[in-house]
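Only this structure's heavy atoms are used, side chains among them; waters, hydrogens and symmetry mates stay out. Throughout, residue positions are numbered sequentially from 1 according to the sequence presented.
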Amino acid sequence: SGLSTGGRSNFTSPTFGAGSFGENVLASGTVRGRVGYAPGPWLFYATGGLAWSYDKQTLTQDATGNIEDRFLYRFGWAGGVGVETAIAPSWTVRGEYLWTEFPSIAMDFPASGQRVNSGLSEQQFRLALNYRFDDPTGSATPAPSRFTGAGDNFAVHGQATYVQQAHPAFNSPYEGPNSLTGGAQSKQTFDATLSTGVKLWKG
């Protein structure tokens, strides 16, 4: 629907009847490194690292029209290959193939009494246009950074925090719409902070 990334599956359950399960990616990102070989103005590289996504899952029962939503974070890995080349002074263009894989996660939908296990993977072909601020030559061939040997002129700081809480299934003889579900549950919280800085002049 529109520009969302996701999918939908139809199924039939003995207790639930006919219905559908869908998942849409609301936000996603990766933290990756690159290593490669640069003959002249070209760079051929491999990339890999951590991946995350924040998704909305929707369970719909056809008979009643009931819709139940769940939101979850997924954490996995990403890997790919690419090529980058200079096209003008301080400008490069990059093409990249990236595979992203997230392990399966089981989510409980208490209102419908269903437990759904699902996984997620993505294949992406990416194009990028880059401007290099620290190119001292202004030529179409990438040059060493002017900051080399003066590491205190440029700084990058990052921090990430991940907290997960979970409990196994337990006996719940009075389970209903006004009580906790006895099924296993897992919840996550994730935040990330990234800051960069450049010293413009002395002092």
Side-chain angles (χ1 to χ4, degrees), residues 1-9 11 13 15-16 19-35 45-61 66-80 82 96-124 126 128 151 154-198:
S1 57
L3 300 177
S4 63
T5 299
R8 179 168 294 275
S9 297
F11 69 95
S13 164
T15 57
F16 186 75
S20 63
F21 172 78
E23 181 165 348
N24 284 327
V25 177
L26 304 180
S28 65
T30 62
V31 179
R32 295 180 284 126
R34 294 195 298 171
V35 59
Y45 66 89
T47 180
L50 302 177
W52 65 272
S53 72
Y54 181 62
D55 301 350
K56 177 183 178 180
Q57 294 185 340
T58 303
L59 185 65
T60 304
Q61 188 174 27
N66 290 337
I67 299 176
E68 191 173 1
D69 294 330
R70 282 288 182 268
F71 297 88
L72 77 156
Y73 281 99
R74 292 185 182 270
F75 296 93
W77 58 269
E96 183 178 272
Y97 167 77
L98 189 67
W99 172 275
T100 307
E101 182 71 29
F102 298 99
S104 294
I105 294 179
M107 292 292 291
D108 290 316
F109 292 81
S112 57
Q114 297 297 301
R115 183 174 177 85
V116 181
N117 190 73
S118 64
L120 177 67
S121 63
E122 296 177 350
Q123 295 187 70
Q124 301 177 50
R126 304 153 63 97
F154 184 77
V156 177
H157 299 280
Q159 174 181 317
T161 304
Y162 172 68
V163 178
Q164 179 160 351
Q165 295 179 313
H167 67 75
F170 58 87
N171 183 34
S172 181
Y174 304 107
E175 181 174 338
N178 298 320
S179 64
L180 296 175
T181 175
Q185 286 190 341
S186 176
K187 300 292 184 181
Q188 307 86 23
T189 299
F190 177 81
D191 68 79
T193 303
L194 177 66
S195 63
T196 63
V198 176

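Note: Phe170 and His167 have tilted aromatic rings, judged against thresholds of 30 and 60 degrees for the angle between ring planes. Ring geometry for Phe16 versus Phe11: interplanar angle under 30°, hence parallel rather than tilted (30 to 60°).
Minimum heavy-atom separation, Arg32 to Gly49: CG-N, 3.9 Å. When all heavy atoms of Gly6 and Asn24 are compared, the pair lying nearest together is CA-OD1, 3.8 Å. Taking all atoms of both residues into account, the shortest heavy-atom contact from Met107 to Phe71 is CE-O, 4.3 Å. The minimum heavy-atom distance linking Ala78 with Leu98 is given by the pair CB-CD1, 4.1 Å. Of all the heavy atoms in Tyr73 and Ile105, the pair that sits closest is O-CD1, 3.8 Å. The two residues Val25 and Ser53 come nearest to each other via the heavy atoms CG1-CB, 4.3 Å.
Atom CG of Asp108 is separated from atom CG of Leu59 by 11.5 Å, given to the nearest 0.5 angstrom. Of the inter-residue distances, the one linking Phe21 atom CZ with Glu68 atom CD reads 11.0 Å to the nearest 0.5 angstrom. Phe102 contributes atom CZ, which lies 9.5 Å from atom OG of Ser121 (distance to the nearest 0.5 angstrom). For the atom pair OH of Tyr97 and OG1 of Thr47, the computed distance is 13.0 Å after rounding to the nearest 0.5 Å. Taken from CG in Leu26 to OG1 in Thr5, the straight-line distance is 10.0 Å, to the nearest 0.5 Å. Residue Thr30 holds its OG1 atom at 8.0 Å from CD of Gln124, rounded to the nearest 0.5 Å.
Side-chain atoms of Gln188 do not come within 3.5 Å of backbone N or O of Leu72 as any donor-acceptor pair. Without hydrogens or angle criteria, Arg115 side chain to Ala184 main chain gives a donor-acceptor distance under 3.5 Å.
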Chi angles and distances behind the side chain to side chain donor-acceptor pair (under 3.5 Å) call for Gln57, Ser118 | CA-CA 10 Å; Gln57 294 185 340; Ser118 64; 3.2 Å; yes
Residue pair Gln114, Thr15: steps toward the side chain to side chain donor-acceptor pair (under 3.5 Å) verdict = CA-CA 9 Å; Gln114 297 297 301; Thr15 57; 3.1 Å; yes
Apply side chain to side chain contact (heavy atoms under 4.5 Å, CB included) to Leu194 and Val156, showing your working.
-> CA-CA 7 Å; Leu194 177 66; Val156 177; 3.9 Å; yes
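Ring-centre distance between Phe190 and Tyr54: not below the 6.0 Å cut-off.
The pair Glu23-Arg74 counts as a salt bridge, with a side-chain nitrogen and a carboxylate oxygen less than 4.0 angstrom apart.
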